[in-house]
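So the structure is just underneath, and the comments pick up after that.
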Number of protein chains: 2
Amino acid sequence: MSKVVSKPTVHDIARVAKVSLATVDRVLNGRSGVREKTIDKVNAAIRELGYVRDTSAANLARQRQYSFTFVLPEGPSQFVDTIREALRDAYASQIADRVTLNVISVPTHDPHAIVRKLLSLDVSGLDGIALVVPETPQIRDLVARLKRAGVAVIALSSDLPNSERDYFVGVDSVAAGRTSGLLMGKFAPETGEILVVTNSMRARDSLERRLGFDQVMQTSFPQLKVLPTIESFDDPARMEELVYGMLLRKPRLVGLYSMGSGNLAVLRALRRSARSAELSVIVHELTPPTRAGLLSNEIDAVIAQNVGHLVRSALRVLRNLSDNLPIFEAQERIRIEIVMRENLHHPS
Amino acid sequence: MSKVVSKPTVHDIARVAKVSLATVDRVLNGRSGVREKTIDKVNAAIRELGYVRDTSAANLARQRQYSFTFVLPEGPSQFVDTIREALRDAYASQIADRVTLNVISVPTHDPHAIVRKLLSLDVSGLDGIALVVPETPQIRDLVARLKRAGVAVIALSSDLPNSERDYFVGVDSVAAGRTSGLLMGKFAPETGEILVVTNSMRARDSLERRLGFDQVMQTSFPQLKVLPTIESFDDPARMEELVYGMLLRKPRLVGLYSMGSGNLAVLRALRRSARSAELSVIVHELTPPTRAGLLSNEIDAVIAQNVGHLVRSALRVLRNLSDNLPIFEAQERIRIEIVMRENLHHPS
DNA sequence: GTTGATTTGAGGTACGTTCCTCATTTATAC
DNA sequence: GTATAAATGAGGAACGTACCTCAAATCAAC
């Protein structure tokens, strides 16, 4: 085998461009005090050699440390637990190299408390923040304040479209709702009624999912009658009774679409009614209960997002924003996953 | 903000464990000549400090260069093109840092030619090889020979289960077939016939997909009659005529399952027959034609694998095998993706 | 052509790790 | 207790890049 030609280094650039190492460095790192002509010479050498910066060495020398904060809703939530786990995983791999993470919990339904807690945050050394919070005027103000302090701000999972956030990492909820609609239309018989439930329509997610769902149902499956959304207001007992009641009172039901969390209660109602077999059931988020529901054939499909991808994407975006680097949008688009019994990946 | 406590380094370990840097290094890199007691002392210090090796610095110092070869089928193939593209993408990111890639093409259907080409390969500097080839006795011999030469060997996308390959990176074809079956059963009406086509049943993939498909159809949807597989033997014109003929002669068809490539011809036959609307169509691999088929509603679902994930996984596995490191199986399991019109991600 | 500003060069140190060498200490066997 | 082997220490060079200082060269304007 021919001798392995090692990758060109800054020294090679200097030699080929007939300039000093210092000048190469100035060009490479965009420092001032170099003539246009010289910059061109260096760039020509870079192209000629096919030089690519060794990021390992650069990071080592730069001693760049990123400080990011993730703001997650407090209280027990499978989704948040999964995010935490994915953060730990990312930490273990090289994706979170040189970042110090700070995860804080905030009360979900009290925007003032959220803002109070976040205002107490010391922002001086902070490079970026990822927010999983509902959009309110207070939050919008907070985002503006963070931006003024020079902090990169991204909305994670749930967008803050009217704020000054730099980026949104998450799935398109309307498209997710459309996907559910398409599946429901194909799964359910030609005619009948569809029950739609969520814990709260105040959540942007649920609103948008319903919007997408309705778009597809109206245009592609008009014979199916989609009932008004039932809300549990985050009360599992209430959810169970509401769903159970509908299952008793509506004999023409052929489908059930659960847009929010609280699927344990939904499943319980379904089981009590013994109508599971005749209904097409579609829910969101892959969690232990929904996973079990798939395996027991009580749930036909779960619409999920890949949380590992979500978190890795958030870290990449925050890093690039902190360094004023461009974001590779195609890589950061989070897929809408359709999970059914047979493509459910069992945890090792 | 309190002063950022910098991460512990090997020097800190030496200090805490009261040993020299050299000993820490010996323990860290598994070199011999250290007493059990001393190893324990060092490991205790590592745990106490929460030390994690700085991979950037380690890679830099190690100057480890990986040399991998990917063996892909030659000839125009959307799937192979996608792999090539994914390899380029991986190269651009840090995942392929310090690896020199060599991609070679081999004639798909001539095992002897494959082996001849691979035998001419200089194996001396090679760390690993990823094979996308059908399993034959010649290939099995080749794998054994490569293993003897100390090369890490993985099967990519299509397994070589009876060879000595170190690992298989790809989806479980039986599970993919089961997923297709489940979707077909839910999409199609209660009774009718299902047409199954492929380019070649000699390919392990098609065999396994059919197996999984039948499993689900027989147990869960026995009222649907699945017809014997039709083979085109890689001839698009033949494929089109065969499918078109079946569409004319079989009025009770309610579904079409295409297990192999050559979906352009399948779609053409479907269009000519004008029976597209009454059939549930499920195909494999997301390619320009299948993508177009989804958008035009001629295809109901595409079963796909994430090729980017596939390639990144292959690189990680090859790297770990070369270094005798364990493989994090959960991360390397390739998902079976269900893609429909509404969760199709449009290229930016 | 001199002045003053701008551009370039030379050389060094640092990042955290790996991987040497050689000297010294400690344990083991008789 | 001595001979020998095994374990440990001390120190340094290297990987490729970033970033610093200070001197030297080049340029522009008059």
Side-chain angles (χ1 to χ4, degrees), chain A residues 4-46 49-66 94 97-100 322-325, chain B residues 4-46 49-66 94 97-100 322-325:
Chain A
V4 176
V5 187
S6 51
K7 285 169 49 176
T9 74
V10 280
H11 294 88
D12 298 314
I13 301 177
R15 193 169 34 74
V16 171
K18 296 200 216 312
V19 298
S20 72
L21 216 61
T23 300
V24 174
D25 180 69
R26 288 179 185 116
V27 174
L28 234 35
N29 295 294
R31 283 184 251 279
S32 61
V34 188
R35 272 185 309 176
E36 204 63 44
K37 260 188 64 181
T38 315
I39 295 180
D40 292 344
K41 270 203 301 187
V42 172
N43 282 328
I46 288 174
L49 292 166
Y51 169 83
V52 281
R53 186 197 241 105
D54 183 326
T55 39
S56 299
N59 285 336
L60 179 59
R62 225 192 292 262
Q63 278 288 92
R64 178 75 161 102
Q65 275 286 354
Y66 302 89
Q94 63 260 44
D97 243 21
R98 299 180 193 287
V99 340
T100 37
S322 311
D323 289 342
N324 282 317
L325 258 42
Chain B
V4 176
V5 188
S6 50
K7 284 169 50 174
T9 74
V10 280
H11 295 87
D12 298 314
I13 301 177
R15 194 170 33 73
V16 170
K18 296 201 217 313
V19 297
S20 71
L21 215 60
T23 300
V24 173
D25 180 68
R26 287 178 186 117
V27 174
L28 234 37
N29 295 294
R31 284 185 251 279
S32 60
V34 188
R35 271 186 308 177
E36 204 63 44
K37 260 189 63 181
T38 315
I39 295 180
D40 292 344
K41 267 202 304 188
V42 172
N43 282 328
I46 289 174
L49 292 166
Y51 169 82
V52 281
R53 184 196 247 107
D54 183 325
T55 39
S56 299
N59 285 336
L60 180 60
R62 223 192 296 261
Q63 277 289 91
R64 179 74 159 103
Q65 275 286 353
Y66 302 89
Q94 64 261 43
D97 242 22
R98 299 182 191 286
V99 341
T100 38
S322 312
D323 289 342
N324 283 317
L325 259 41

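The figures that follow rest on heavy atoms only: side chains count, while hydrogens, waters and symmetry mates do not. Each chain gets a letter, A, B and so on, in the order the sequences are listed, and its residues count up from 1. All of these numbers come straight from a predicted model, not from anything done at the bench.
Computed from coordinates, the Lys41(A) NZ to dG9(C) C1' distance equals 12 Å when rounded to whole Å. Here the C1' atom of nucleotide dG16(D) and the CG atom of Asn59(B) are 12 Å apart, to the nearest Å. Rounding to whole angstrom units, CG of residue Asp40(A) and P of dT7(C) are separated by 14 Å. In this structure, Asp54(B) atom CG and dT17(D) atom P are separated by 16 Å, rounded to whole Å. Summarising the geometry, the separation between CG on Asp12(A) and C1' on dC15(D) is reported as 14 Å, rounded to the nearest angstrom. Rounded to an integer number of Å, the gap from Lys37(A) NZ to dT6(C) C1' is 15 Å. A straight line from CD of Gln65(A) to P of dG16(C) spans 10 Å, rounded to a whole angstrom. In this entry the distance linking NZ of Lys7(A) with C1' of dT17(D) reads 12 Å, nearest Å.
Comparing atom distances between the Ala61(A) side chain and each of dG16(D), dA7(D), dT8(C) picks out dG16(D) as nearest. With dT17(D), dG9(C), dT18(C) as the choices, the nucleotide that has an atom nearest any side-chain atom of Val10(A) turns out to be dT17(D). Each of dT17(D), dG16(C), dT8(C) was ranked by its minimum atom distance to the side chain of Tyr51(A); first place goes to dT17(D). Looking at the side chain of Arg31(A), the nearest of the listed nucleotides dA18(D), dG9(D), dG16(C) is dA18(D). When each of dG16(D), dG16(C), dT18(C) is scored by its nearest atom to the side-chain atoms of Arg62(B), the top-ranked nucleotide is dT18(C).
Contact annotation: Gln63(B) reaches the phosphate of dG16(D) (side-chain N/O to OP1 or OP2, under 4.0 Å). Applying the 4.0 Å criterion to OP1 and OP2 of dT18(C), one finds that Arg53(B) has a side-chain N or O inside that range. Regarding contacts with the backbone of dT8(C), a side-chain N or O of Arg35(A) is found under 4.0 angstrom from either OP1 or OP2. One finds no side-chain N or O of Ser20(B) lying less than 4.0 angstrom from the OP1 or OP2 phosphate oxygen of dA10(D).
Heavy-atom nearest nucleotides on DNA chain C were determined for Ala22(A) and for Asp25(B), and the one closer to the 5' end corresponds to Ala22(A). Mapping Arg26(A) and Leu21(A) onto DNA chain C by nearest heavy atom places Arg26(A) at the nucleotide closer to the 5' end. Comparing Thr23(B) and Ala57(B) along DNA chain D, the residue whose closest nucleotide (by nearest heavy atom) sits nearer the 5' end is Thr23(B).
Looking at Asp40(B) and Lys37(B), no side-chain N of the basic residue comes within less than 4.0 Å of a carboxylate O on the acidic one, giving no salt bridge.
Looking only at distances, a side-chain donor or acceptor of Asn29(A) sits under 3.5 Å from a matching main-chain atom of Asp25(A).
When all heavy atoms of Val42(B) and Val19(B) are compared, the pair lying nearest together is CG2-CG2, 4.0 Å. Of all heavy-atom pairs between Tyr51(A) and Pro8(A), the closest is CD1-O, 3.3 Å. Residues Arg53(B) and Ala58(B) come closest through the heavy atom pair CD-CB, 4.0 Å.
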